Q: 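Here it is: the structure, laid out below.
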Amino acid sequence: MILCDRRRFQIDGLDEPAIPRRSKQMKLSIPAPPDFNFKRTILSHGWCQLLPCRFDKERWTLRRVFDVGASRPIAATIRAAGKRIEIEVARKTLGKRASEKIVRDVRHMFRLDDDMSDFYQAVAEDPHFAWIVRAGAGRMLRSPTVFEDLVKTICTTNCSWALTEKMVAGLTNNLGLPSADGHYSFPSPEEMAKAPPSFYRDEMRAGYRAPYFKELADRVASGELDVESWIHSDLATSELTKEIKGVKGVGDYAAENLLKLIGRYDGLALDSWLRSKFARTHNKGRACSDKKITRHYARFGKWRGLALWCDMTKDWIEEQG
DNA sequence: GCGTCCAGGTCTACC
DNA sequence: GGTAGACCTGGACGC
């Protein structure tokens, strides 16, 4: 992807009109870990800007349409509320099953159950990385499903961020299901499998990736490929990487990026922006080899990919105090 | 407005 | 295993 575009969200902030508040909305509340940083997690990378998420930087909220199973998708607004995360649902009432599903999804997205202590221990002694512990950085926002993260990752390959947004929007707005307020959920593998190949080429504007999406959706919908199992896989990272790269359109960068979202940080997921940012930050603006970048973060072992990402995105948010 | 060039990551064929 | 070219889109640029 083209990097100058990738960081656009830091400057523009809100680009969607606020949804009018309803007279009665239901609220759910989740306790957050002591080391959790809501802002750092939302802006951990560009996912907050991809539908069905909508980031409001003025209010520091994340809106998203959640798929809750059989009933209609539900839009919710997520915000920090002290040491808790508050979820405001655009419904007067919400069934137990739907409430539990939304809470489970939010916990997963914000990685509230991730134990960061090992990572923080790995970076705490390094003067250039100790800020990560103080800031509570390192939780990378993800989607409720591995499938959604995989599709979005493929959408980031070999194109500008603007095109990534366009492809994801085309997919969501055409194949997703509408919530009561007219926004759409991310389509399921089954919904994507129903779409003809021409949809991916002509409507989604996925270009040469079009057959890849069709094939992926078919394989997942038919049960041939269980991408959700990757998150709890016992396979060694090298083996899991091979399996992930078995998906058409997924190469080294895409596989390692997905592995980060799954919670494995061995890979660096180097793309053009990371290489450029590393050169500016650590190599006096001169391009350097991937080997040199790898050596720079090698001391962090299995956390090197996360250490790299935190290092390269440190300036995305001004630290307070 | 039109045409050309280029960047971006992966796939495939070839050596 | 390594490499070159094709894939497709949108932005930048020149005319």
Side-chain angles (χ1 to χ4, degrees), chain A residues 1-12 15 45-47 49-51 140 146-175 192 195-220 224-225 227 230 237-262 264-280 283 285-294 305 308-309 312-313:
Chain A
M1 68 180 78
I2 295 172
L3 258 294
C4 51
D5 289 333
R6 186 181 188 167
R7 290 192 55 203
R8 187 169 62 85
F9 69 89
Q10 298 169 65
I11 301 163
D12 290 351
D15 57 5
H45 59 134
W47 257 214
Q49 282 231 313
L50 297 178
L51 293 179
M140 295 181 73
V146 176
F147 177 73
E148 181 178 332
D149 278 337
L150 175 57
V151 170
K152 285 179 172 175
T153 295
I154 296 172
C155 287
T156 67
T157 59
N158 204 20
C159 65
S160 66
W161 183 249
L163 183 55
T164 297
E165 290 182 307
K166 188 173 182 176
M167 284 190 279
V168 174
L171 189 61
T172 305
N173 291 332
N174 285 289
L175 300 184
M192 283 181 62
S198 58
F199 164 79
Y200 296 97
R201 187 183 61 242
D202 302 332
E203 303 297 326
M204 185 183 171
R205 308 296 294 169
Y208 70 92
R209 306 168 196 80
Y212 303 161
F213 289 119
K214 177 64 177 168
E215 181 181 309
L216 172 63
D218 286 343
R219 291 179 67 194
V220 175
E224 178 201 331
L225 181 65
V227 298
W230 291 344
T237 301
S238 58
E239 291 302 309
L240 186 55
T241 302
K242 280 183 192 172
E243 189 168 329
I244 294 171
K245 286 173 75 173
V247 174
K248 287 276 185 65
V250 176
D252 289 335
Y253 152 75
E256 290 178 1
N257 187 65
L258 187 71
L259 282 164
K260 281 183 182 177
L261 298 176
I262 285 172
R264 302 198 193 201
Y265 306 99
D266 323 39
L268 300 184
L270 294 174
D271 64 2
S272 58
W273 181 80
L274 278 174
R275 292 183 179 102
S276 168
K277 185 69 184 287
F278 182 89
R280 278 181 276 129
N283 207 43
R286 295 193 302 269
C288 60
S289 68
D290 289 357
K291 284 184 180 176
K292 180 167 186 174
I293 301 175
T294 303
L308 158 75
W309 188 254
M312 296 294 95
T313 60

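Numbers restart at 1 for each chain; the letters A, B, ... are given by sequence-line order, proteins then strands. No experiment lies behind these values; they were computed from the predicted model shown.
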Q: If I take atom OH in residue A:Tyr212 and atom P in nucleotide C:dT9, what distance separates them, rounded to the nearest angstrom?
A: 13 Å

Q: More 5' along DNA chain B: A:Leu163 or A:Val247, using each one's nearest nucleotide?
A: A:Leu163

Q: Rounding to 10 degrees, work out the angle separating the end axes of the helix from B:dG1-C:dC15 to B:dC15-C:dG1 (five pairs an end).
A: 30°

Q: Quick one: A:Met204 CE to C:dT9 P, roughly how many Å, whole number?
A: 12 Å

Q: Identify which nucleotide among B:dG8, B:dT10, C:dG10 has an atom closest to any side-chain atom of A:Ser272, counting heavy atoms from C-beta outward.
A: B:dG8

Q: What's the CE-C1' distance between A:Met167 and B:dG8, to the nearest Å?
A: 10 Å

Q: For A:Asn158, does its backbone N or O pair with a side-chain atom of A:Arg209 as donor and acceptor, under 3.5 Å?
A: yes

Q: Judged by atom type as modelled, is there a donor-acceptor pair below 3.5 Å linking the side chain of A:Glu224 to the main-chain atoms of A:Arg219?
A: no

Q: Could you state the atom-to-atom distance from CH2 of A:Trp161 to C1' of C:dG11 in whole Å?
A: 18 Å

Q: Starting at atom CZ of A:Arg275, determine the distance to atom P of B:dA7, rounded to an integer number of angstrom.
A: 14 Å

Q: Output all residues satisfying side chain to side chain contact (heavy atoms under 4.5 Å, CB included) with A:Ala169, sequence neighbours left out; order by chain, then residue number.
A: A:Leu51, A:Asn173

Q: Closest to the A:Arg205 side chain: B:dG9, C:dG11, C:dT9?
A: C:dT9

Q: Does a side-chain heavy-atom distance below 4.5 Å link A:Lys166 with A:Cys159?
A: no

Q: Check whether A:Thr172 reaches the backbone of A:Val168 with its side chain - one donor and one acceptor, N or O, closer than 3.5 Å.
A: yes

Q: Would you mind classifying the nucleic acid contact of A:Ala254 as base, sugar-phosphate or nothing, using non-hydrogen atoms under 4.0 angstrom?
A: sugar-phosphate

Q: Between A:Lys248 and A:Leu270, name the one whose nearest nucleotide on DNA chain B is closer to the 5' end.
A: A:Leu270

Q: How many whole angstroms separate atom CZ of A:Phe213 from atom P of C:dC8?
A: 14 Å

Q: Is there a donor and acceptor pair, one atom on the side chain of A:Tyr253 and one on the base of B:dG8, closer than 3.5 Å?
A: no

Q: Expressed as a whole number of angstroms, how long is the span from A:Glu215:CD to B:dC11:P?
A: 10 Å

Q: Calculate the interatomic distance between A:Leu216 atom CG and B:dT10 atom P; express it in whole Å.
A: 15 Å

Q: Could you tell me whether the side chain of A:Lys260 and the main chain of A:Leu268 form a donor-acceptor pair under 3.5 Å?
A: yes

Q: Measure the shortest side-chain to side-chain distance between A:His45 and A:Asn257 over non-hydrogen atoms and say whether it is less than 4.5 angstrom.
A: no

